[in-house]
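Below: one structure, written as structure tokens.
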Amino acid sequence: MRHFLNINSLSNSDVIRLVEHSIKLKQKNSNEKSDKTVVNLFFENSTRTYSSFQMAENKLGFQQIIIDPQHSSMSKGESLSDTLKTLKAIGIDVAIVRHTTNSWYENIISENDPEKIPQLVNAGDGSGQHPSQSLLDLVTIYEEFSHFDGLKVRIIGDLSHSRVARSNAEILNKLGVEVSFSGPENWQPKDFKQFGQFVDIDYELDKQDVVMFLRVQHERITQTEHQYFSSRQYHGKYGLTLSRYKKLKDNAIVMHPAPVNRDVEIANELVESSKSRIFEQMRNGVFARMAILKFVLEE
Ligand code: CP
């Protein structure tokens, strides 16, 4: 039994095993039975992660305990740690948590007896990590190319506020992908240089296997950045326009973790274009999350 908090703390062989297991679960697409109980604690809004974890839990036959953090005893001051211990005492096996705080799980794990807390799954922590999104992204890439080594992936946009960018840059680099980044200079985290080069968006765009666009995270940018932000300018400088789309290789794919700001990161008419895998990413999320739930409960 283990937690699933940061995909980059797994070995490459465990990651590939999870990717292949997700694809097998997708091909099988069947419902299972289980005596496990799960709680989904989302302190930040979500559509895809929340509903696809729920769908994964349903398909695995888990019982779900529904708690709305806003209406729980945490609103009276109970800590997340005490809440998780309470839920374990009540009989919860797995807690899936999305939280605004980076690495929300570190103190909880270091300060508690592992027997007294549920298995934890990180559904996104602040601008830290989004490991289940990374797994579904890896599944989407692997389904397309059947390997990672030597692929060229360009990650484009709001790099500094994106937990998807942080999770993916590191794991893709570890798997032998040639990662590069494009986006506004003030949103280029210096530590990303260890995973790949920063380049102009149009540099070798025609050589990329995957172009992965990121949402502009208006809820995390400063007021000044927000005030001077122009959707039209951003789209022209860093977005997927029709002319950029036409330069892509025949077998290149377009990805985005979504939600997409249409006509900002990607031109409206290209969101569902033939190279786009955006809705397939969402579908893959169900099977990747089934694989994660099985992984954390493996004896
Ligand atoms: N990609 C993603 O995490 O989407 P949600 O915020 O809707 O879960």
Side-chain angles (χ1 to χ4, degrees), residues 2-12 14-15 18 39-50 52-53 69 74 79-81 83-84 94-112 117-138 153 155-175 177 179 181 183-184 186-196 198 212-222 225 255-259 281 285 288-289 292-293 295-296:
R2 44 171 98 82
H3 306 296
F4 185 81
L5 303 168
N6 180 346
I7 198 164
N8 293 295
S9 51
L10 303 183
S11 65
N12 281 5
D14 271 345
V15 173
L18 275 167
V39 66
N40 302 300
L41 285 176
F42 278 61
F43 296 85
E44 257 187 16
N45 294 342
S46 167
T47 298
R48 277 145 288 273
T49 312
Y50 186 72
S52 57
F53 263 117
M74 283 181 280
S79 66
L80 178 58
S81 176
T83 300
L84 290 168
V94 185
I96 291 150
V97 182
R98 170 172 282 194
H99 208 283
T100 47
T101 306
N102 286 25
S103 307
W104 56 264
Y105 44 82
E106 274 177 3
N107 289 350
I108 292 169
I109 292 188
S110 64
E111 288 165 9
N112 287 298
I117 53 171
Q119 300 316 119
L120 299 176
V121 175
N122 180 13
D125 60 297
S127 54
Q129 296 282 323
H130 197 345
S132 65
Q133 177 73 43
S134 279
L135 182 61
L136 75 88
D137 287 345
L138 293 180
V153 176
I155 307 180
I156 303 162
D158 182 356
L159 296 156
S160 59
H161 304 104
S162 172
R163 53 194 172 211
V164 178
R166 189 162 288 280
S167 286
N168 280 357
E170 190 173 346
I171 192 63
L172 288 168
N173 174 269
K174 267 174 67 178
L175 291 169
V177 170
V179 184
F181 308 103
N186 51 329
W187 292 345
Q188 295 183 357
K190 287 195 177 54
D191 64 326
F192 274 35
K193 283 191 184 148
Q194 63 190 305
F195 308 125
F198 287 97
M212 185 182 289
F213 289 83
L214 303 168
R215 182 172 69 87
V216 176
Q217 306 218 353
H218 286 283
E219 72 277 26
R220 295 188 217 277
I221 67 181
T222 64
E225 284 171 327
M255 295 174 68
H256 189 304
Q281 286 173 263
R289 287 168 176 132
I292 290 166
L293 290 167
F295 178 76
V296 297

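Just so it is clear, the structure is predicted and the values come from calculations on it, not from any experiment. We're numbering straight along the sequence, starting at 1. For the numbers below, each heavy atom of this structure counts, side chains included, while hydrogens, waters and symmetry mates do not.
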Would Thr49 and Arg289 satisfy side-chain contact (heavy atoms from CB on, under 4.5 Å), going step by step from the backbone distance to the final call? CA-CA 9 Å; Thr49 312; Arg289 287 168 176 132; 3.6 Å; yes

Interatomic spacing from CG in Asn45 to OG1 in Thr100 - rounded to 0.5 Å: 11.5 Å

Donor-acceptor pair, Gln281 side chain versus His256 backbone, under 3.5 Å? yes

Within this structure, what is the CD-OG distance for the pair Gln217 and Ser162, rounded to the nearest 0.5 Å? 5.5 Å

Please round to the nearest 0.5 Å and tell me the distance separating atom CD of Glu111 and atom OG of Ser79. 9.0 Å

Whether Arg98 engages the ring of Phe42 as a cation-pi pair (distance to the six-membered ring centre under 6.0 angstrom, angle to the ring normal within 45°) should be assessed. no

Taken to the nearest 0.5 Å, the spacing of Ile96 CD1 from Gln119 CD works out to 11.5 Å

Reported CD1-to-CG distance for the pair Ile7 and Leu175, which is rounded to 0.5 angstrom: 8.0 Å

Flag the pair Leu80 / Leu41 as yes when at least one side-chain heavy-atom distance between them is below 4.5 Å, and no otherwise. yes

Non-neighbouring partners of Asn102 that pass side-chain contact (heavy atoms from CB on, under 4.5 Å), sequence neighbours left out: Asp125, Ser127

Donor-acceptor contact below 3.5 Å, side chain Ser9 vs main chain Asn6: yes

Tell me the closest heavy-atom pair linking Leu84 and Pro118, and the distance in Å. O-CD, 3.3 Å

Hydrogens and angles aside, do Gln129 and Asn122 bring a side-chain donor and acceptor to less than 3.5 Å of each other? no

Determine whether a donor-acceptor pair (N or O, by modelled atom type, separation under 3.5 Å) exists between the side chain of Ser132 and the backbone of Ala123. no

Minimum side-chain heavy-atom gap Leu18-Leu138 below 4.5 Å: no

Any heavy-atom pair between the side chains of Arg215 and Pro259 that's under 4.5 Å? yes

Verdict with supporting geometry, Thr101 and Phe43, side-chain contact (heavy atoms from CB on, under 4.5 Å): CA-CA 10 Å; Thr101 306; Phe43 296 85; over 6 Å; no

So, the side chain of Ser103 versus the backbone of Glu106: is there a donor-acceptor pair under 3.5 Å, distance only? no

Are Ile171 and Asp137 close enough, and set up right, to give a side-chain contact (heavy atoms from CB on, under 4.5 Å), and what steps lead you there? CA-CA 11 Å; Ile171 192 63; Asp137 287 345; over 6 Å; no

Can you name the closest pair of heavy atoms from Leu120 and His3 and give their distance? N-ND1, 2.8 Å

Taking all non-hydrogen atoms of both residues, which atom of Asn173 and which atom of Gln194 are closest, and how far apart? ND2-O, 4.0 Å

Measure the CD1-CD1 distance between Ile117 and Ile108 for me, rounded to the nearest 0.5 Å. 7.5 Å

Going through the distances and angles, do Ser81 and Asn112 end up as a side-chain hydrogen bond (donor to acceptor under 3.5 Å, both in side chains)? CA-CA 8 Å; Ser81 176; Asn112 287 298; 3.0 Å; yes

Measure across Ser167 and Pro131 and return the closest heavy-atom pair with its distance rounded to 0.1 Å. OG-N, 4.0 Å

For Arg166 versus Pro189, what's the shortest heavy-atom pair and its separation? NH2-CB, 4.0 Å

Please answer whether the main-chain N or O of Asn107 pairs with a side-chain N or O of Ser110 as donor and acceptor at a distance below 3.5 Å. yes

Could you walk me through whether Trp187 and Val216 pass the side-chain contact (heavy atoms from CB on, under 4.5 Å) check? CA-CA 10 Å; Trp187 292 345; Val216 176; 3.7 Å; yes

Can you classify the ring geometry of Phe181 versus Phe198 as parallel (below 30°), tilted (30 to 60°) or perpendicular (above 60°)? tilted

If you count heavy atoms of other groups shown closer than 6.0 angstrom to CG of Asp191, is the number above 12? yes

Sequence neighbours left out, what passes salt bridge (charged side-chain N to carboxylate O under 4.0 Å, His left out) with Glu44? Give chain and number order. Arg163, Arg220

Nearest atoms (heavy-atom pairs only) where Asn12 meets Lys174: ND2-O, 3.0 Å

Give the ring-plane orientation class for Phe4 versus Phe295, where under 30° counts as parallel, over 60° as perpendicular and anything between as tilted. perpendicular

